[in-house]
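One structure is given below, encoded as structure tokens.
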Protein chains: 2
Amino acid sequence: MTPPTELDPVPLCAALADATRWEILAVLGDRDASASELAEELPVSRQAIAKHLQQLAAVGLVEPIRAGRAIRYRALGARLGQLASRLETIGRGWDARLSRLKDVAEALDQD
Amino acid sequence: MTPPTELDPVPLCAALADATRWEILAVLGDRDASASELAEELPVSRQAIAKHLQQLAAVGLVEPIRAGRAIRYRALGARLGQLASRLETIGRGWDARLSRLKDVAEALDQD
DNA sequence: ATCTACTGCAATCAAACGGTTGCGTTCGCG
DNA sequence: CGCGAACGCAACCGTTTGATTGCAGTAGAT
């Protein structure tokens with residue numbers, strides 16, 4: 001019984017495949033901020049930031065928090081951890097096959 | 001003094017942000033294969049596969065192995081593991097800040 | 001109640017991307 | 001030695017994407 005929906009790495013990786021989004025995440029990793037605040041310290045327009053925040057929120061890397069008239073965003077490490085765990089598992093699977101191949105080769109050598 | 005080259009997650013994530021490349025990786029995770037072989041069982045042309053393999057090789061997710069006139073490719077779990085570890089660390093950093101904030105809030109409650 | 005600041009939506013644009021087709025080249029096999 | 005299989009390069013096409021600008025809406029602060 002795996003968790004209802006198995007984590008799809010593609011959308012998450014797509015969200016993490018842009019340098020500007022990483023800059024945003026770097027800021028949000030230090031402190032919560034709104035789109036307007038972020039636009040002040042990054043060299044892109046507020047609307048561009050807002051779109052990025054929507055994409056990040058869509059994959060659960062970021063969480064919107066209403067604070068009066070502003071909407072502040074917070075970086076969520078959970079999804080990143082889930083992705084990391086998934087990638088780790090997959091990578092280990094690949095290398096496991098290689099070890100198996102190596103074992104077979106050594107067994108043949110011994111014959 | 002950080003390790004010689006700090007792993008940049010952006011190109012790796014970009015390589016992992018495409019469904020076709022994951023299909024290729026899924027095959028290579030099971031067995032080594034050449035671009036032509038892959039093109040036979042995936043619904044894309046050999047040239048498209050070749051481009052994908054180049055991108056995957058460029059970020060070290062895949063390794064080319066000359067086998068006679070063919071070039072077989074092998075999935076490498078190492079880079080995936082490095083990326084996973086990096087993401088894990090970053091995510092933990094974000095959540096650590098949140099725990100700190102929560103601690104402060106609780107301290108204030110106790111006053 | 002008004003004014004202001006912050007968010008959301010739409011249209012537009014250039015660049016990047018995934019994919020295809022066609023051609024040239026190389027190298028192993030018979 | 002020649003045939004054919006497999007790779008690489010280049011041009012091209014439609015779609016997606018990151019970014020901009022302009023405008024409309026909405027809800028706090030005064």
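We name chains A, B, ... by the order of the sequence lines, and we start the count at 1 in each one. The structure displayed is predicted, hence computed values, not measured ones.
- R66(B) comes within 4.0 angstrom of no nucleic acid atom, judged by non-hydrogen atoms across all strands.
- Distances shown here put a side-chain N or O of S45(B) below 4.0 Å from the OP1 or OP2 atom of dT20(C).
- Annotation: the span from Y73(B) atom OH to L38(B) atom CG amounts to 10.0 Å, rounded to 0.5 Å.
- Of the residues near DNA chain C, I71(A) and K51(A), the one whose nearest nucleotide (by heavy atom distance) lies more toward the 5' end is I71(A).
- Listed candidates were dG18(C), dT20(D), dT7(C). Nearest to the side chain of D18(B) is dG18(C).
- Salt bridge status for E88(A) with R79(B): absent, with no side-chain N to carboxylate O gap under 4.0 Å.
- One can place CG of L53(A) at 12 Å from C1' of dT7(C), the figure rounded to the nearest angstrom.
- Look at CG on L16(B): it is 12 Å from P on dG18(C), rounded to the nearest Å.
- Across the protein-nucleic acid pair, E40(A) atom CD and dT7(C) atom P stand 10 Å apart, rounded to whole Å.
- With respect to the salt-bridge test (charged N to carboxylate O, under 4.0 angstrom), the residues R46(B) and E40(B) do not qualify.
- Taking the side chain of Q47(A) as heavy atoms from C-beta on, and the options dA19(D), dT7(C), dG22(D), the nearest nucleotide is dG22(D).
- Between D8(B) and R86(B) no salt bridge is recorded (no basic side-chain N to carboxylate O distance below 4.0 Å).
- Contact annotation for A50(A): no contact, since no heavy-atom pair falls under 4.0 Å across all strands.
- In this structure, the CZ atom of R69(A) is 9 Å from the C1' atom of dA27(D), given to the nearest Å.
- Counting non-hydrogen atoms under 4.0 angstrom, Q55(A) reaches the backbone sugars and phosphates but no base.
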